[in-house]
Participant: 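Sharing a structure here in structure tokens format.
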Number of protein chains: 2
Amino acid sequence: MLTLPYTHNAVAQKLNKRASITDLAKILNLSPSTISRALNGHADISEATKQRVWEVAKELNYQPNHLAAALRRGRSNMLGVIVPHINGHFFPSIMHGIETVASKAGFNVMICQSNEDVQREKNNIDALLNAQVEGILVSLARTTHDFQHFEKVRQQNIPLVFFDRMPEVSSVSGVVLDDHQGAYMAVRHLLEQGCRRIAHFAGPQHLNIYSNRHKGYLNALQAFGLPHDEQLMHFLPKLQQNAGEQAMRELLQLAEPPDAIFGSGDIPVAGALEVLHAQGIRVPQDIALAGFSNEPFTTLTTPKLTSVDQRGEQMGHSAVQLFLQMLKRSDNFAPHRVVLKPQLHIRESSMR
Amino acid sequence: MLTLPYTHNAVAQKLNKRASITDLAKILNLSPSTISRALNGHADISEATKQRVWEVAKELNYQPNHLAAALRRGRSNMLGVIVPHINGHFFPSIMHGIETVASKAGFNVMICQSNEDVQREKNNIDALLNAQVEGILVSLARTTHDFQHFEKVRQQNIPLVFFDRMPEVSSVSGVVLDDHQGAYMAVRHLLEQGCRRIAHFAGPQHLNIYSNRHKGYLNALQAFGLPHDEQLMHFLPKLQQNAGEQAMRELLQLAEPPDAIFGSGDIPVAGALEVLHAQGIRVPQDIALAGFSNEPFTTLTTPKLTSVDQRGEQMGHSAVQLFLQMLKRSDNFAPHRVVLKPQLHIRESSMR
DNA sequence: CTGAAAGCGCTAACAC
DNA sequence: GTGTTAGCGCTTTCAG
């Protein structure tokens with residue numbers, strides 16, 4: 001237990017709550033401003049008093065009230081983040097990247113989930129604005145089609161940075177993956193392995209990430225002089241396991257079934273894998289597989305799944321850096337879009 | 001763009017930043033307190049003025065400054081959460097549960113990751129305390145052995161609730177899973193399937209969750225009158241995939257190999273599955289498998305993995321409820337421990 | 001090197 | 001119903 005010198009005890013008793021800067025001032029017979037300066041390591045305070053202040057502060061277990069400081073300074077040192085969800089590996093890794101860089105820059109991070117719901121996204125914006133965050137990083141919900149609610153943020157001159165899922169307009173800043181190239185790389189790889197009828201599990205096309213992957217797929221086919229066959233494209237609204245299973249079953253019904261699948265997500269590809277297993281179709285010999293996201297479970301399936309890594313950690317870093325830049329040159333900052341290069345992880349499911 | 005009536009324009013110009021309650025007061029020729037009361041829906045304000053206030057507030061896009069309110073009230077409406085990491089499905093689902101209940105109760109949630117590192121855990125505590133959170137929910141880092149840094153929290157009379165990983169002392173509140181029973185259920189199930197040599201992948205035993213699962217395993221064997229064989233127990237410091245692979249290979253070297261594996265985590269079990277696949281050993285016929293956590297990927301492997309669900313969502317709910325109770329009866333609240341019942345999901349890997 | 005004073009934006013007695 | 005006043009805890013001119 002903590003024991004205080006007799007002289008401080010009386011004061012310490014009085015506030016069984018929490019020592020304030022004025023409490024320290026009284027005890028030390030100094031002014032609050034001096035205490036403040038000492039605590040913040042101002043240069044023009046004698047080492048001697050700094051020492052005394054530090055000691056008493058430790059003794060009373062002084063904790064600065066950031067709220068008060070924030071109010072006074074007009075800066076909260078808080079950064080708001082809105083993610084659609086935290087399933088899978090991608091968004092958690094982004095969050096990790098964000099936290100690392102943000103806390104290094106002295107920011108606390110407040111995370112909200114929109115649950116893929118515009119309404120909650122709006123609420124999150126309000127909550128973060130109310131909490132006086134100094135910036136907002138957001139990845140759009142699947143159901144977000146208009147961007148009215150972000151106007152508020154801009155009006156208050158609060159830096160707004162999108163990541164991964166962002167509006168297609170050029171007037172906003174953000175960091176995205178080169179989804180087109182990622183898809184292109186995956187499909188090219190399948191083609192190089194000799195596949196010639198490559199099916200595609202596509203995500204909801206109003207999200208640019210998925211439409212870009214779709215385009216990457218098409219362009220790779222085109223580069224190899226192959227036609228694109230509508231029958232081979234399945235648009236899955238949610239990229240879930242059972243959707244992948246269903247699509248796979250339908251593809252197997254075709255007169256000319258595919259010899260490879262490229263999925264815009266790993267999960268439906270795993271679903272497909274299961275159907276193939278059940279039907280005794282060999283992967284990759286009969287049908288090769290490649291997914292997107294590089295989820296950890298891709299190394300847990302048999303065979304291991306080839307997949308495109310989305311650079312989550314890096315994306316988090318870049319997003320915060322973009323925010324910090326905007327904070328500096330608040331007004332004259334032209335919207336800027338950072339594009340990260342994807343990484344193809346080739347595994348057993350596509351090597352033949 | 002927003003257009004303001006001429007009269008308000010001057011004022012609106014002046015503050016190109018952000019309207020405050022006093023700005024509204026000036027415009028409406030009312031006192032700040034009236035504005036405050038109107039905005040907060042106090043009963044003793046005439047409907048007429050409430051209307052007028054609301055209108056102008058909307059016009060100026062007024063956003064209340066929660067920091068100021070928090071400072072004045074002495075309540076921040078913020079809840080701090082510390083998790084070891086957000087990999088896998090378990091912690092994200094807890095966080096989701098926390099957010100749901102917390103935001104319903106009017107709290108914003110601030111999430112920190114300790115990265116399984118005591119030092120970061122300490123920093124997180126400080127950060128949250130500085131941010132004036134009204135309570136802290138924490139799940140211990142793997143490397144946390146002493147609990148000094150939580151003293152600060154108690155000293156400031158801030159409700160502290162542990163979840164999942166908590167100290168073994170009776171003086172703290174928290175919500176945990178009945179890990180013992182979860183393990184017991186899984187092993188009993190394997191026994192009922194006819195397995196008689198059941199191996200165990202155990203986690204780090206200084207974390208009670210893992211030692212409890214270990215005990216559950218032992219007790220189930222005992223209940224069936226079976227001896228426990230040291231050779232069948234593998235203690236994996238990290239419950240990772242390659243650790244599971246390695247352990248599985250060693251088990252297969254035994255003169256009398258196991259006919260089932262019960263793992264304290266799903267990932268090393270998936271690792272084992274892969275080794276079995278590679279060696280052509282049939283699951284579940286030759287060796288049955290059961291894991292712990294009910295990770296989503298358990299339905300993506302072939303065969304699907306039996307696993308114990310940890311009730312993450314529910315755990316989040318309960319943790320916040322516990323916090324809310326402590327907040328109410330701040331002093332006289334006896335430490336309370338909520339124990340959730342696990343749920344066994346039986347899948348192909350153990351059905352024979 | 002230190003102090004006095006003002007104020008960030010809001011709320012809560014206490015008046016009337 | 002509404003206004004007056006004071007102050008939450010901190011920082012920051014401006015004076016010495």
Participant: Whether A/Thr49 contacts C/dT2 is assessed here as follows: a side-chain N or O lying under 4.0 Å from the phosphate OP1 or OP2. Is that the case?
Facilitator: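 Answer is yes, contact under 4.0 Å.
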Participant: Is the phosphate of C/dG9 approached by B/Tyr62 (side-chain N or O, under 4.0 Å from OP1 or OP2)?
Facilitator: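 Answer no for this pair, as no side-chain N or O of B/Tyr62 is under 4.0 Å from OP1 or OP2.
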Participant: Given D/dG3, is OP1 or OP2 found less than 4.0 Å from the side-chain N or O atoms of B/Thr34?
Facilitator: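 For D/dG3, OP1/OP2 do have a side-chain N/O of B/Thr34 under 4.0 Å.
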Participant: Measure CG/B/Asp44 against C1'/C/dC14 and give the value in whole Å, please.
Facilitator: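 Going from B/Asp44 (CG) to C/dC14 (C1'), I get 13 Å.
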Participant: State plainly whether the residues A/Glu55 and A/Lys50 are in salt-bridge range, i.e. N to O under 4.0 Å.
Facilitator: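 So A/Glu55 does not pair with A/Lys50 through a salt bridge.
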Participant: As a test of reading the structure: which of C/dA12, C/dT2, D/dT12 is closest to the side chain of A/Ile45, going by heavy atoms?
Facilitator: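 The closest nucleotide is C/dT2.
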Participant: Could you state the interatomic distance from CZ (B/Arg18) to CG (A/Asn157), rounded to the nearest 0.5 Å?
Facilitator: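 Rounded to the nearest 0.5 Å, the CZ-CG separation comes out at 10.5 Å.
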Participant: Please report the distance, rounded to the nearest Å, between CG in A/Asn130 and P in C/dC10.
Facilitator: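 It is 11 Å, rounded to the nearest whole Å.
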Participant: Ignoring the backbone of B/Pro32, work out which of C/dT2, C/dT11, C/dA4 is nearest its side chain.
Facilitator: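 Nearest nucleotide to the side chain: C/dT11.
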Participant: Taking only the side-chain nitrogens and oxygens of B/Ser20, find out if one of them lies under 4.0 Å from OP1 or OP2 of C/dG9.
Facilitator: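 Looking at the OP1 and OP2 atoms of C/dG9, neither is under 4.0 Å from any side-chain N or O of B/Ser20.
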Participant: What nucleic acid atoms does A/Ser46 come within less than 4.0 Å of, heavy atoms only: base, sugar-phosphate, or nothing?
Facilitator: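 If one applies the 4.0 Å heavy-atom cut-off, A/Ser46 turns out to touch the sugar-phosphate alone, with no base involved.
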Participant: State plainly whether the residues A/Arg142 and A/Glu121 are in salt-bridge range, i.e. N to O under 4.0 Å.
Facilitator: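 The answer is no: the pair does not qualify as a salt bridge.
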Participant: Rounded to whole Å, how long is the line connecting atom CD1 of B/Ile21 with atom C1' of C/dC8?
Facilitator: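 Taking CD1 of B/Ile21 and C1' of C/dC8, I get 13 Å after rounding.
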Participant: Quick one: label B/Asn65 by what it contacts on the DNA or RNA (base, sugar-phosphate, nothing), any heavy atom closer than 4.0 Å.
Facilitator: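 Sugar-phosphate contact only.
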Participant: Taking CZ from B/Arg75 and P from C/dC10, how many angstroms apart are they, rounded to a whole number?
Facilitator: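 It is 18 Å, rounded to the nearest whole Å.
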Participant: Which listed nucleotide (C/dA6, C/dT11, C/dT2) is nearest to the side chain of A/Arg72?
Facilitator: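 For the A/Arg72 side chain, the nearest candidate turns out to be C/dA6.
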Participant: Quick one: on DNA chain C, does A/Ser33 or A/Glu47 contact a more 5' nucleotide (nearest heavy atom)?
Facilitator: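 Its nucleotide being nearer the 5' end, the pick is A/Glu47.
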Participant: Determine, using ring centers only, whether B/Phe147 and B/Phe162 are less than 6.0 Å apart.
Facilitator: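 For B/Phe162 and B/Phe147, the ring centres are not under 6.0 Å apart.
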Participant: Between A/Arg120 and B/Glu99, is there a side-chain N and carboxylate O pair less than 4.0 Å apart?
Facilitator: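 Looking at A/Arg120 and B/Glu99, the cut-off is met.
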Participant: Checking contacts here: which listed nucleotide (D/dG3, C/dC10, C/dT2) is nearest the side-chain heavy atoms of B/Leu30?
Facilitator: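 Ranking D/dG3, C/dC10, C/dT2 by closest atom to the B/Leu30 side chain puts D/dG3 first.
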Participant: Tell me: CG of A/Leu39 to P of C/dT2, nearest whole Å?
Facilitator: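 Going from CG in A/Leu39 over to P in C/dT2 covers 14 Å.
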Participant: Distance check needed: D/dC10 C1' versus A/Asn40 CG, whole Å only.
Facilitator: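 Answer to the nearest Å: 9 Å.
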Participant: With nearest nucleotides of DNA chain D determined for B/Arg73 and B/Lys50 from heavy-atom distances, which residue corresponds to the more 5′ nucleotide?
Facilitator: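 Closer to the 5' end of DNA chain D: B/Lys50.
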Participant: Whole angstrom is fine here: how far is it from CD in B/Gln63 over to P in C/dC10?
Facilitator: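 About 11 Å, once rounded to whole Å.
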Participant: Looking at D/dG3, does its base get a donor-acceptor pair with the side chain of B/Arg37 below 3.5 Å?
Facilitator: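 Side chain to base: pair present.
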Participant: Name the nucleic acid region contacted by B/Leu67, choosing base, sugar-phosphate or nothing; use a 4.0 angstrom heavy-atom cut-off, strictly under.
Facilitator: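 If one applies the 4.0 Å heavy-atom cut-off, B/Leu67 turns out to touch nothing in the nucleic acid.
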Participant: Using a strict 4.0 Å threshold on nitrogen-to-oxygen distance, state whether A/Arg165 and A/Glu116 make a salt bridge.
Facilitator: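 Judged by the 4.0 Å cut-off on N to carboxylate O distance, A/Arg165 and A/Glu116 do form a salt bridge.
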Participant: Has the side chain of A/Ser36 got a donor or acceptor atom sitting under 3.5 Å from an opposite partner on the base of D/dT12?
Facilitator: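 Answer is no: no donor-acceptor pair is held.
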Participant: Starting at atom CG of A/Asn29, determine the distance to atom P of C/dC1, rounded to an integer number of angstrom.
Facilitator: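 Taking CG of A/Asn29 and P of C/dC1, I get 20 Å after rounding.
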